[in-house]
Engineer: 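First the structure, which I've put down as structure tokens, then a few questions once you've had a look.
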Amino acid sequence: MNIKLTQYAANGGCACKIGPNALSHVLRQLTPPCDPNLLVGIDTSDDGGVYKLNETTALIQTLDFFSPIVDDPYLFGQIAAANSLSDVYAMGGKPLTAMNIVAFPLAQLDGSVLLAILKGGQDKVTEAGAIIVGGHSVYDKEPKYGLSVTGTVHPDRVLTNAAAVPGDLLILTKALGTGVLATAAKANLFATGVEAAKSSMITLNKTAAECMDKFQVHACTDVTGFGLLGHLYEMAAGSKTAAEVNSQVLPLLPDALAAAAMGLIPSGAYGNRDYLKSVSFAGTVPENLRDLCFDPQTSGGLLMSVPESQAQGLLAALQAAGVASATVIGKMTAPGRGEIHVY
Amino acid sequence: MSINVDARGLNCPQPVIATKKALDSIAEGVITTIVDNAVSKENVVKFAKSNSCDVSVAEKGNHFYITITKGEANGLVESTQAIPETMGGTHVFLITQNTFGHGSSELGTVLIKSFFFTMVEKEPLPKTVLFANSGVKLTVQGSPVLDHLQALAARGVEILSCGTCLDYYQLKEQLAVGGITNMYTIMDEITAHKAVTL
């Protein structure tokens with residue numbers, strides 16, 4: 001089977017997300033619902049919705065799907081599922097059930113391609129300890145796949161992206177650069193980096209999330225289409241803090257800097273950069289590293305905001321559990337409105 | 001050797017790949033890549049720079065003509081280099097009001113126009129001009145010194161406006177030149193460089 005799935009997609013992975021600017025303009029015209037049991041709604045740009053069922057259980061619901069970011073259908077299914085499941089982990093929950101969302105040109109592409117995508121998704125959902133209970137499919141010239149995932153969490157243990165506190169340290173659990181390297185893959189360049197990106201994208205955030213259980217994490221989100229700085233901005237703005245990032249310690253996928261310097265940068269990175277007006281860079285941060293800070297990630301890592309006294313303990317736990325890229329990348333510096341300084 | 005690469009209508013990363021093929025095919029010479037969107041323009045310029053080529057961009061309508069010079073011919077087009085990096089000095093201005101000095105605001109407006117006009121004319125140019133408080137009224141649409149600031153920006157001077165101040169005056173949407181900054185950067189800039197506050 002020699003299928004090049006990405007040829008069917010204008011923009012793959014989270015790079016096909018509607019830009020934050022365009023999206024917020026539309027969403028602010030809707031009135032958010034008001035319900036005492038709604039613990040997390042759409043108003044804080046969080047990863048998923050959380051609804052309290054009773055004193056011990058709240059439901060987390062999330063949905064994510066996108067067009068192919070890689071050519072291999074089984075790999076695409078795995079990446080899409082890891083990416084969808086991630087939102088539940090970012091809220092502090094455990095995935096329970098999932099439903100497939102499929103758009104597929106069944107007339108042009110063989111059914112075996114769809115089967116491979118679904119098999120990839122199913123294998124990741126199984127690895128997460130959850131089950132697929134159904135789904136929905138439509139005909140579409142551009143294939144798309146993802147999952148709606150339902151998870152559970154104790155109402156007191158919900159991790160939002162809006163409860164960081166000045167003084168917290170920031171931990172990032174996966175290396176950056178999947179957007180740039182997916183672009184490099186389309187150009188048949190940087191094979192080492194491309195393989196590393198694939199392996200990173202199919203890695204569940206399950207282990208990283210489980211490590212948080214024993215610590216008092218204030219806020220958590222996963223880094224996806226808006227890039228590191230876009231998601232950090234949402235966290236800082238939601239928490240009314242300002243943040244700083246040490247660009248010199250950022251975990252980066254191999255070849256990512258070289259690919260960025262070469263101009264293999266997805267348009268989503270520029271969209272993120274143009275939207276984020278409250279970011280400032282020290283003059284010493286090179287352009288390719290700045291670009292990676294805005295690079296849209298697919299199935300990116302968790303970004304955790306942790307009290308300084310617990311950060312080293314959590315970092316050690318993450319690394320001991322095999323989350324090798326986990327790094328303290330910066331801190332919440334002061335009360336603010338989402339200002340970010342990168343040095 | 002001169003090659004034209006028409007990359008209009010191509011999706012990312014094809015404009016970079018087409019330019020790379022052309023560049024790899026010659027030892028020296030000039031390549032002109034034509035693209036129809038700002039993302040492709042930025043990516044092709046980055047690619048050219050990463051190959052130590054000289055690069056300049058001309059905008060015609062919605063299309064960008066990117067001229068890339070490789071090898072010996074490199075020195076010939078130095079004067080058209082897109083982003084001059086050595087023309088500026090190392091000093092920084094912090095502009096904290098929209099007029100020059102205290103007293104008559106009418107005179108202050110005349111003087112601030114004259115101040116930025118002179119800044120454009122006189123080298124060395126500053127490294128950065130920071131705008132805070134009512135100073136941000138100078139970087140937005142309708143500013144009496146917008147032309148001068150755009151000229152400075154085009155010559156590589158960093159123009160930065162305080163985001164809190166733009167918010168306060170509700171001018172963020174009207175920002176017409178440069179970027180937005182915060183107090184960290186302002187502090188960095190005025191402590192790391194020779195700074196003059198107005």
Side-chain angles (χ1 to χ4, degrees), chain A residues 6-7 9-12 15 21 25 179-190 236-237 242-245 257-271 273-288 290-291 333-334 336-343, chain B residues 7 10-21 23 33 35 37-53 55 66 68 83 85 88 90 92 127-128 130 158 160-164 166-168 172-173 175 178-189 192-193:
Chain A
T6 57
Q7 286 177 357
N11 289 296
N21 209 1
H25 182 73
V180 161
L181 288 163
T183 310
K186 288 186 194 172
N188 287 319
L189 291 166
F190 299 109
E244 66 180 24
V245 171
L257 276 174
M262 231 190 100
L264 296 171
I265 295 170
S267 60
Y270 294 111
R273 181 194 65 186
D274 295 344
Y275 172 69
L276 291 167
K277 298 256 166 85
S278 63
V279 173
S280 64
F281 285 93
T284 48
V285 183
E287 189 178 336
N288 52 351
R290 296 181 191 208
D291 290 336
T333 50
R337 287 194 288 177
E339 299 89 343
I340 302 172
H341 182 63
V342 184
Y343 63 97
Chain B
L10 296 182
N11 277 334
C12 171
Q14 298 311 323
V16 167
I17 303 313
T19 306
K20 182 177 190 300
K21 274 187 190 153
L23 200 68
T33 299
V35 298
N37 64 81
V39 166
S40 295
K41 177 202 71 175
E42 286 207 47
N43 281 346
V44 171
V45 167
K46 280 177 206 282
F47 169 72
K49 282 192 196 164
S50 74
N51 280 273
S52 308
C53 295
V55 55
I66 306 158
I68 300 163
I83 299 171
E85 303 200 9
T90 56
V92 170
K127 177 189 164 292
T128 306
L130 302 156
E158 200 173 15
L160 294 172
S161 300
C162 151
T164 307
L166 287 167
D167 276 343
Y168 180 83
K172 210 165 202 167
E173 302 299 320
L175 185 70
I180 294 183
T181 190
N182 58 31
M183 204 52 90
Y184 289 98
T185 303
I186 294 176
M187 191 61 75
D188 276 354
E189 291 287 337
H193 305 96

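Chain A is the first sequence line, chain B the second, and so forth, proteins listed ahead of strands; every chain is numbered from 1.
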Engineer: State which residues pass salt bridge (charged side-chain N to carboxylate O under 4.0 Å, His left out) with B/K46; sequence neighbours excluded, sorted by chain then number.
Structural biologist: A/E287, A/D291

Engineer: Which atoms of A/A184 are under 4.5 Å from chain B, going by heavy atoms: the side chain, the backbone, both sets, or neither?
Structural biologist: neither

Engineer: Go through the atoms of A/L189 and report whether side chain, backbone, both or neither lie under 4.5 Å from a heavy atom of chain B.
Structural biologist: side chain

Engineer: Side chain of B/N37, backbone of B/V39: donor and acceptor closer than 3.5 Å?
Structural biologist: yes

Engineer: Can you list everything that forms a salt bridge (charged side-chain N to carboxylate O under 4.0 Å, His left out) with A/R290? Sequence neighbours excluded, please.
Structural biologist: none

Engineer: Is it the backbone or the side chain of A/S278 that comes under 4.5 Å from a heavy atom of chain B, or both, or neither?
Structural biologist: backbone

Engineer: Evaluate side chain to side chain contact (heavy atoms under 4.5 Å, CB included) for A/K186 paired with B/I17, printing each intermediate quantity in order.
Structural biologist: CA-CA 10 Å; A/K186 288 186 194 172; B/I17 303 313; over 6 Å; no

Engineer: Sort out for me which of B/K172, B/K20, B/E42, B/Q14 touches chain A most, counting heavy-atom pairs under 4.5 Å.
Structural biologist: B/E42

Engineer: Treating B/N43 as the side-chain partner and A/I265 as the backbone partner, does any N or O pair qualify as donor plus acceptor under 3.5 Å?
Structural biologist: yes

Engineer: Less than 4.5 Å to any heavy atom of chain A: does that hold for the side chain of B/S40, its backbone, both, or neither?
Structural biologist: neither

Engineer: Which atoms of B/E189 come close to chain A, meaning under 4.5 Å heavy atom to heavy atom: side chain ones, backbone ones, both, or neither?
Structural biologist: neither

Engineer: Using a 3.5 Å distance criterion without hydrogens, assess whether the side chain of A/S280 forms a donor-acceptor pair with backbone atoms of B/T181.
Structural biologist: no

Engineer: Would you mind checking which part of B/D167 comes under 4.5 Å of any heavy atom in chain A, side chain (CB onward), backbone (N, CA, C, O), both or neither?
Structural biologist: side chain

